[in-house]
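Working notes, beginning with the structure itself.
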Amino acid sequence: MMNITIIGSGYVGLTTGACFAEIGHHVICVDNDEAKIAKLLSGSIPIYEPGLEEMVTNNVSSGRLKFTTDTGEGVDFADVVFIAVPTPPQPDGSVDLRFIEKVAREIAAVLKDYKVIVDKSTVPVKTGEKVAETIRRYATPGIEFDVVSNPEFLREGCAVEDLMKPDRIVVGTNSDRALALMHKIYEPFVAPVLATDINSAELIKHAANSFLALKISYINAVAAVCDASGADVEKVAEGIGTDKRIGRAFLNAGLGYGGSCFPKDIAAFIAISEDLGIPFDLLKEVQDINARQLKNFIKKIQDALWVLQEKKIAVWGLSFKPDTDDVRCSVAIDLVDTLVKEGAHVTAYDPKAMEKVQELDVSGKITLAPSPLEAVDGAEALVIATEWPEFAAVDFEEVRKRMITPLIFDGRNLLDPERMTTLGFQYTGIGRGLHSSAPAAAAVETAAPRSKTPA
Ligand code: UGA
């Protein structure tokens with residue numbers, strides 16, 4: 001088994017470190033945030049991620065997982081040093097690489113013998129070359145090292161599972177010595193290792209995320225056509241997704257993609273391509289469709305309620321997707337923000353994100369309810385912004401009784417439209433066409449004429 005150090009103990013770094021320890025490696029996770037390391041040393045996990053807390057606790061007690069703020073200690077200890085620090089966006093969409101550059105300098109300053117330096121953060125193509133250049137410049141002359149690109153494909157909410165059972169492991173390097181060590185690290189994983197050059201590995205990550213975002217925007221564009229024509233996007237997604245060449249995954253129409261990866265990575269890939277002289281207009285359209293999703297959805301709510309001022313609206317779901325407490329770039333938060341700006345009184349509930357929401361400005365302008373049912377008390381509309389599975393299991397007869405007017409706006413197509421209309425709701429989803437115009441709808445003369453639904 002190997003000694004591994006991970007620099008950066010965020011979502012990717014911490015989960016990767018815990019999983020490497022779980023399979024038997026000895027791991028040190030480094031972070032310059034002293035409060036975070038103190039928290040981790042005291043056994044508390046700064047993020048909610050299914051299975052992570054248990055894994056961290058077990059591996060800390062077995063002595064295979066340690067935490068420190070000292071980069072020197074981490075680098076000395078390791079055969080392989082992973083970099084997993086943030087690569088945030090700049091205002092023009094390009095990637096801010098200052099943390100990567102800083103860590104490269106820090107590693108160089110303490111490098112005493114051969115190490116493999118692996119970049120796990122999402123970075124623009126050709127960053128590996130810069131990292132190698134930087135280390136060479138700042139390290140003691142003559143010390144050997146290799147740089148590897150090993151992008152991470154884990155999703156928040158199922159990070160542990162994605163890491164333990166990856167579809168593939170991409171290793172970009174021009175060194176056989178480094179490749180052999182990477183094979184050793186990943187030996188216990190049952191997944192193909194795709195060995196490439198560094199540039200290709202870096203590009204794979206941006207190309208993969210952009211393709212997934214493209215799939216989402218594609219189905220959302222199809223959903224708009226469904227709304228206008230009376231077709232059901234859920235059936236269409238099933239019909240096209242069962243073609244093995246297309247696949248059903250990431251064809252869920254909804255409020256669009258959010259989170260800390262897709263919006264940033266698509267903008268970055270556009271900027272990277274432009275920088276290389278290759279405009280990527282297709283991805284600009286992906287962004288535009290995504291931005292239209294929330295606008296069109298808000299319009300549906302306005303068409304139904306006419307004036308939002310003073311209306312009590314319940315919102316279920318605040319995290320950017322289920323099974324996470326992450327509210328960064330959450331479309332649900334943008335939605336709540338828009339409703340509040342329109343003068344609506346929003347009462348919101350989320351199973352895991354309530355604490356994180358309290359750190360946002362918008363929390364002072366809404367009421368947080370302790371349960372989904374309490375959120376709908378006296379509401380004139382219920383909006384589902386995140387598809388937590390438990391929302392589908394709520395007693396909707398009780399929801400119906402508690403609401404003043406039975407309007408449901410399902411921004412994630414979580415509920416069965418027919419069941420909801422049978423229960424007396426007027427149901428509006430995304431691209432679910434005729435299902436929305438159920439008998440109950442007649443009582444509240446509202447839905448926008450389908451032909452006018454903006455695409
Ligand atoms: C995404 C990728 O899926 C990971 O492979 C990648 O490692 C990660 O970014 C990253 O670059 O770090 P993540 O952002 O955690 O993972 O979450 P996803 O499950 O991909 O969802 C992203 C957004 O797309 C969410 O807002 C989700 O609601 C939305 N989405 C997803 C849809 O609207 N429809 C879908 O069919 C799927």
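Ligands are counted one by one from 1 in listed order, and the atoms in each one are counted from 1 as well.
Between F409 and F297, the two ring planes are perpendicular [angle over 60°; tilted spans 30° to 60°]. Between F425 and F396, the angle of the ring planes goes over 60°, which puts this pair in the perpendicular group of the 30/60° scheme.
Near ligand 1, E152, F153, L154, R155, E156, K205, N209, I216, F250, L251, N252, G256, Y257, G258, C261, F262, D265, F320, K321, R412 each place a heavy atom less than 4.0 angstrom from the ligand.
Applying the side chain to side chain contact (heavy atoms under 4.5 Å, CB included) rule to H345 yields the partners E310; only residues at least two apart in sequence or on another chain are considered. Evaluation of the salt bridge (Lys or Arg N to Asp or Glu O under 4.0 Å) rule for K205 yields no partner, not counting sequence neighbours.
Residue pairs meeting the side-chain hydrogen bond (donor to acceptor under 3.5 Å, both in side chains) criterion with at least one partner in residues 352-368, sequence neighbours excluded, are D325-K356.
Using a 4.5 Å heavy-atom threshold, the side chains of L414 and F391 count as touching.
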